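Structure first, then comments.
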Number of protein chains: 2
Amino acid sequence: MPPGLKDVAARAGVSIKTVSNVVNGYVHVAPTTRARVQAAIEALGYVPNIAARQLRSGRSGVIALAVPELQSPYFAEIAGLIVQAAERRSWTVLIDQTDGLAERERDLVEGLRRHAIDGLIFSPLALAGEELALRDGTPMVLLGERVWHGPADHVAIDNTAAAADATGHLTALGRRRIAAIGVQDKPSAVTAHQRLAGYRAALAEAGLPIDTALEMPAEGFHRADGAAAMARLLDTDSPPDAVFCFNDLLALGALRTLLSRGIPVPDDIAVIGFDDIEDGRFSTPTLSTIAPDAPRIAQLAVDLLAERLGEGSTPSGAPRELRVDHRLVARESTGA
Amino acid sequence: MPPGLKDVAARAGVSIKTVSNVVNGYVHVAPTTRARVQAAIEALGYVPNIAARQLRSGRSGVIALAVPELQSPYFAEIAGLIVQAAERRSWTVLIDQTDGLAERERDLVEGLRRHAIDGLIFSPLALAGEELALRDGTPMVLLGERVWHGPADHVAIDNTAAAADATGHLTALGRRRIAAIGVQDKPSAVTAHQRLAGYRAALAEAGLPIDTALEMPAEGFHRADGAAAMARLLDTDSPPDAVFCFNDLLALGALRTLLSRGIPVPDDIAVIGFDDIEDGRFSTPTLSTIAPDAPRIAQLAVDLLAERLGEGSTPSGAPRELRVDHRLVARESTGA
DNA sequence: GAAGGACTATACAACGTTGCAGTACTTAAA
DNA sequence: TTTAAGTACTGCAACGTTGTATAGTCCTTC
């Protein structure tokens, strides 16, 4: 029903291939012919059939983006930025939500061909190192703080250093008993491990002891987890005078607990988070945080993918590791 | 490079079409043949090429979902639910962000064929009635409170009634000066118009006068808009004793202003929002709101689309309007 | 014992596009 | 004047899949 090259060709009085050449910007087409074809395209409202194009070329023009959850403001922002960056290359982005489940992540890594995806930008939560190797040769870029030296290109901030910056901000304020919220045991929770390492490093740097009673675990990285962990901290004999939460949602949950108990922030307890999500700019008090350079992360991820894609059949070089800047944003929750 | 029906057929010693029949679950295939083919599929790791399938069948198995913005928690939730519902029909969902811009919405409506989309679930912000008609016959389901009697199937809650419920909750608490935040002038802002209508209806019902000084406009529906509008309300001669915000983000912004000015909520001013986003469950105080039945909205949208798709070439019946339930959730911000 | 029906399997064409090879003509260099 | 190089365009085949048509086999059933 929709017009094809055939119909355009008939109307313009040229061969199918010539229309194809015009559509693809092939140089050796006489200006008059080109104009006639363009007019026919216009008149019929011709749009190339991408299924056929893909069948021929093997390229779909679609890349997948897989994140743990879109509801998390940080990932929502990253997703939006990646879609924008991809649009500049006229790629379409298929967004996939893994819920951080190993099974869904594995499905994704193994079952990509089903969706005819040219490449994948992936922020893994559950899967580690070798498990991430894609069966087929689909190019992939990893996002976030997992797996250095993994099997694919990788874009991330220096997670440990950023965590140290956050904690250092608290020590610089003169706080002595600094808690951490978001500790996770399982070996796959690399983000949590790295932030814990940064936290400990900053404490050592400031000459403060490490007190594991102040290192609060959290099941997930949501408000509820932060609220619960903060409550547990307050119920101990010697509560902290500052808290570094491994992300902003945890921090917002912690703030909620503090405020509902009437504990003044930052006077009695200072709070800092991680991610710089929008909510933190409107919380009470506003939330100090670490702001990763999200636009750059998105741009780099798309660029890396483009490089791998561009080379065509090249087995291509070794995986690259790219670091992106972050900065400390001091707001009310630490006394700004 | 990846194996096709041809390769499987060669290995199993049958014709290409027989393999196709096995893959598609055609009934009349001898058990032994089927087993042999299955084994070959297994051995070669065959996966159907969807580009070719689509070229033949005209169906891509991909539907698009277009929302104003994913960062908005309400739309993020709806998106997640729709993806889940679509998965049950083994459809892939392409998520598109319009930013509420008329231009992008128009592009979407007109340029769908580029992406080879079987159907569209669309939550329009800028476009109205006839503008929404899809050029090609791609089935579409509209979401949200725009355009009754538009050109396509439509799923929404009874927006006006829900707004009246929210306002009625405030009048029932004995509040007399009830403000509204989120009023928008432009004719395309149907959501705002309907919620304003519901607000006024509830005031009338309670025998309260309509005071346009209490109807605060808002540029957008974000925290910052709510915070600003609340500030303006407080700076008037006779501030309100309750506020109905047209969505939760506005309400959270309003709360932020109230708290930073030390005005007790709900004692001096009660606040109610709309959408029941997760943030409202963890704000200080927790936020009363109207909770639309989001899972049902998602399910219905996908079901309606499936019906239109299933009928194949049927010009199909008149557009349907489906209403979904909502309920009032009373939390701390109105004294629960 | 022939006609009909259900079952199993195959061949062929077509979906719309593009790469490759090739034709015909023009211009520039040897 | 011949040869080479460039320009403008065309035809054919193939990408991997499925719908339609077809043909053979084996039962039933009258």
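Keep in mind the model is a prediction, meaning the values are calculated, not measured. In what follows, chains are A, B, ... by sequence order, proteins preceding strands, each numbered from 1.
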Task: Strand-adjacent residues in residues 4-15 of chain B, judged by heavy atoms under 4.0 Å from DNA chain C - done: B:Val14, B:Ser15
Open item on the list: Can you pull out every salt bridge (Lys or Arg N to Asp or Glu O under 4.0 Å) where at least one residue sits in residues 22-42 of chain B? Sequence neighbours excluded, please.
Closed with: none
Task: Basic-acidic side-chain contact under 4.0 Å: A:Asp303, A:Arg89 - done: yes
Task: Pair A:Asp153 + A:Arg308: basic N to acidic O under 4.0 Å - done: yes
Grab the [atom1]-[atom2] distance between [X] and [N] for me, whole Å please.
X       : N      : atom1 : atom2 : result
A:Ile16 : C:dC20 : CD1   : C1'   : 16 Å
B:Tyr46 : D:dG16 : OH    : C1'   : 7 Å
A:Asn49 : D:dG16 : CG    : P     : 16 Å
A:Ile50 : D:dC15 : CD1   : C1'   : 15 Å
B:Lys17 : D:dT20 : NZ    : P     : 9 Å
B:Leu55 : C:dA14 : CG    : C1'   : 9 Å
B:Gln54 : C:dT17 : CD    : P     : 12 Å
B:Arg56 : D:dT18 : CZ    : P     : 9 Å

- [ ] Assess whether atom CZ of B:Arg104 is packed by more than 12 heavy atoms of other residues, nucleotides or ligands within 6.0 Å.
- [x] yes
- [ ] Would you please confirm or rule out a distance under 4.0 Å between OP1 or OP2 of C:dT18 and any side-chain N or O of A:Ser20?
- [x] yes
- [ ] Give a yes/no answer on whether the side chain of B:Ser57 brings an N or O atom under 4.0 Å of OP1 or OP2 in D:dT17.
- [x] no
- [ ] Let me know, please, whether B:Ala52 or B:Arg34 comes out on the 5' side of the other along DNA chain C by nearest nucleotide.
- [x] B:Arg34
Open item on the list: Between B:Asp96 and B:Leu120, is the side chain to side chain contact (heavy atoms under 4.5 Å, CB included) condition met? List the steps.
Closed with: CA-CA 10 Å; B:Asp96 248 306; B:Leu120 172 65; over 6 Å; no
- [ ] Give B:Arg53 one of three labels, base, sugar-phosphate or nothing, depending on what nucleic acid heavy atoms sit under 4.0 Å from its own.
- [x] sugar-phosphate
Task: side chain to side chain contact (heavy atoms under 4.5 Å, CB included) between A:Thr18 and A:Thr33, worked out - done: CA-CA 9 Å; A:Thr18 299; A:Thr33 313; 4.1 Å; yes
Open item on the list: Is it the case that the side chain of A:Asn24 and the backbone of A:Tyr26 share a donor-acceptor pair, with hydrogens and angles ignored and the cut-off at 3.5 Å?
Closed with: no
- [ ] Go through residues 21-31 of chain A and report each residue with a non-hydrogen atom lying under 4.0 Å from DNA chain D, sorted by number.
- [x] A:Asn21, A:His28, A:Val29, A:Ala30
- [ ] Output the distance between atom OG1 (A:Thr191) and atom CZ (A:Phe221), rounded to the nearest 0.5 Å.
- [x] 6.5 Å
Task: Side chain of B:Thr33 (C-beta onward), nearest among C:dT8, C:dG16, C:dT10 - done: C:dT8
Open item on the list: Would B:Tyr46 and B:Val23 count as a side chain to side chain contact (heavy atoms under 4.5 Å, CB included) here? Give the steps.
Closed with: CA-CA 10 Å; B:Tyr46 167 78; B:Val23 171; 4.0 Å; yes
